[in-house]
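Below, each value reflects all heavy atoms present in this structure, side chains not excepted, and no hydrogens, waters or symmetry copies.
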Amino acid sequence: MATKVVMIGPPHCGKTTISNYLADATDSTSGEYHPTAGVRILEFSCNIQDSNKSVEVELWDCGGNPQNESCWPAIARGAAALVLVANSNLPETEAQFLEMLYLRFAAQHGLKESQCAVFLNQIGDIANESGKLPTMLTKVPCSVVSMENGSSITSTFAGVVSSALATQSEEWRKGENQILSVS
């Protein structure tokens, strides 16, 4: 069974570019911006950090347009991990949007902070100051990523998947122990 990871953030912050890179998928567009309509699902293997294991991942690359909001509960259902993506300078409006997405995708569906990550995507050659994360997200692992350093994206993503699997495993173990203690 594949591990479901949802990737979402505001429009035009590089979610699809990051998703394509992780899945080793090619982008046949002309380089023009084309917003993702709804969701794209990419399947690929991910090597887990600190082990020789590889897991199958279902990466749900979600369009960040608020017009898709009615679909979000269905997209979030069954997710093992959440990756929030925003521009690295994190304007105030994007910070507020990330906070709302965290509430909708993580808090409402029982994902813990260890099952989530924030990728602040540095687009282009301009090095800019990272914006300030909302207080609600300060315990969520956050990384500045760039397509210029794709290996950091891969290793950071593998860490998210690894943490999500460990958290899920612990939850299952607790549930099994609870069932056994009732018997």
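Taking each heavy atom of L111 and A81 in turn, the nearest pair found is CD1-C, 4.2 Å. Closest approach of I48 and S162 over heavy atoms only: CG2-OG, 3.6 Å. Listed here is the closest heavy atom pair of N121 and G14: ND2-CA, 3.6 Å. When every heavy atom of C13 is checked against every heavy atom of N87, the shortest pair comes out as CA-OD1, 3.6 Å. Of all heavy-atom pairs between S114 and S163, the closest is O-CB, 3.1 Å. What you find for T156 and S143 is that their closest heavy atoms are CG2-OG, 3.4 Å.
With 3.5 Å as the limit, one finds a donor-acceptor pair spanning the side chains of E56 and S45. A donor-acceptor pair shorter than 3.5 Å can be found between the side chains of T16 and D61.
No side-chain heavy atom of P141 sits under 4.5 Å from any side-chain heavy atom of V160. Within the 4.5 Å cutoff, side-chain heavy atoms of V57 are placed close to those of V55. The shortest distance between side-chain heavy atoms of Q122 and V145 does not fall below 4.5 Å. Side-chain atoms of P134 and Y102, non-hydrogen and from C-beta on, never get closer than 4.5 Å to each other. No side-chain heavy atom of L59 sits less than 4.5 Å from a side-chain heavy atom of I41. Annotation: side chain of L42 is in contact with side chain of N20 (closest heavy-atom distance under 4.5 Å). Annotation: side chain of D24 is not in contact with side chain of F44 (no heavy-atom distance under 4.5 Å).
A distance of 4.5 Å separates CG in L82 from SG in C116, rounded to the nearest 0.5 Å. Between C46 atom SG and K53 atom NZ the span is 11.5 Å, to the nearest 0.5 Å. Distance OG/S146 to CZ/F119: 12.5 Å, rounded to 0.5 Å. Rounding to the nearest 0.5 Å gives a distance of 6.0 Å between CG of L120 and CG of L133. In this structure, CD on E58 lies 7.0 Å from NZ on K4, to the nearest 0.5 angstrom. In this structure, I153 CD1 and M147 CE are separated by 4.5 Å, a value rounded to the nearest 0.5 Å.
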query = Would V83 and V85 satisfy side-chain contact (heavy atoms from CB on, under 4.5 Å), going step by step from the backbone distance to the final call?
reply = CA-CA 6 Å; V83 177; V85 180; 4.1 Å; yes

inquiry  = Set out, in order, the CA-CA distance, both residues' side-chain angles and the distance that settles side-chain contact (heavy atoms from CB on, under 4.5 Å) for C62 and V6, then state yes or no.
reply    = CA-CA 7 Å; C62 301; V6 174; 3.7 Å; yes

task = Applying side-chain contact (heavy atoms from CB on, under 4.5 Å), run through V5 and F157 and close with a yes or a no.
result = CA-CA 10 Å; V5 179; F157 183 79; 3.8 Å; yes

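A donor-acceptor pair is defined here as one N or O able to donate and one able to accept, closer than 3.5 Å; such a pair exists between the side chain of Q115 and the backbone of K112. When atom types are taken as modelled, the side chain of S19 and the backbone of K15 share a donor-acceptor pair closer than 3.5 angstrom.
The only option from L84, V118, L98 that meets the side-chain contact (heavy atoms from CB on, under 4.5 Å) definition with V140 turns out to be V118.
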Anything under 3.5 Å between a donor and an acceptor, one on a side chain of residues 67-79, the other on a protein residue two or more places apart or in another chain? List them.
unit_1	atom_1	unit_2	atom_2	d
Q67	OE1	N65	ND2	3.3
E69	OE2	R104	NH1	2.4
E69	OE2	R104	NH2	2.6

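In this structure, W60 has no ring pair (Phe, Tyr, Trp, His ring centres under 6.0 Å) partners at least two apart in sequence or on a different chain. Applying the side-chain contact (heavy atoms from CB on, under 4.5 Å) test to S155 and every residue at least two apart in sequence or in another chain returns Q49.
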